[in-house]
Amino acid sequence: MKHFAVAAGILRDTDGRVLITERVGGGPFHGMWEFPGGKIASDETAEQALARELTEELGIGLRDASHFMHLEHDLSLIHISEPTRQPAT
């Protein structure tokens, strides 16, 4: 199984709203929602990767960042379907 180190940012505005982005470009995760971020290159720290990804994806700069959590997750591609709906009565 491939391993990817990634950095993601939780961005909040002064009203407390959180920014999430919708994945584009096709593939198995197209249309899903995520926090902005991406893969950490071998010569980057997590903060450097996050700054680069925010600039590439959203055209914004990183002013300040602090570590929130470390998470490891094994993700296998699965098929998810909506249950069959019963006709309304």
Query raised in the report: Is there a path of hydrophobic side-chain contacts, each under 4.5 Å between heavy atoms of I, L, V, M, F, W or Y residues, that connects Val18 with Ile60?
Result: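 Not linked; separate clusters.
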Query raised in the report: When clusters are formed by joining ILVMFWY residues with side-chain heavy atoms under 4.5 Å apart, either directly or through shared neighbours, do Trp33 and Leu71 land in the same one?
Result: yes
**Report entry** Pair Phe35-Thr21, side chain to side chain contact (heavy atoms under 4.5 Å, CB included): steps then yes or no
**Finding:** CA-CA 6 Å; Phe35 292 111; Thr21 57; over 6 Å; no
Got a second to check how far [X]'s [atom1] is from [Y]'s [atom2], nearest 0.5 Å?
X: Glu34; Y: Glu22; atom1: CD; atom2: CD; value: 10.0 Å
X: Glu57; Y: Arg52; atom1: CD; atom2: CZ; value: 9.0 Å
X: Arg12; Y: Arg17; atom1: CZ; atom2: CZ; value: 13.0 Å
X: Leu54; Y: Leu19; atom1: CG; atom2: CG; value: 8.5 Å
X: Leu50; Y: Glu44; atom1: CG; atom2: CD; value: 10.0 Å

Query raised in the report: Counting N and O atoms only, with roles assigned by atom type, does the side chain of His67 sit under 3.5 Å from a partner on the main chain of Met69, one being a donor and the other an acceptor?
Result: yes
Of all heavy-atom pairs between [X] and [Y], which one has the smallest distance, and what is that distance?
X: Pro36; Y: Leu58; result: CB-CD1, 3.9 Å
X: Ala49; Y: Ala7; result: CB-CB, 4.4 Å
X: Lys39; Y: Val6; result: CA-CG1, 3.9 Å

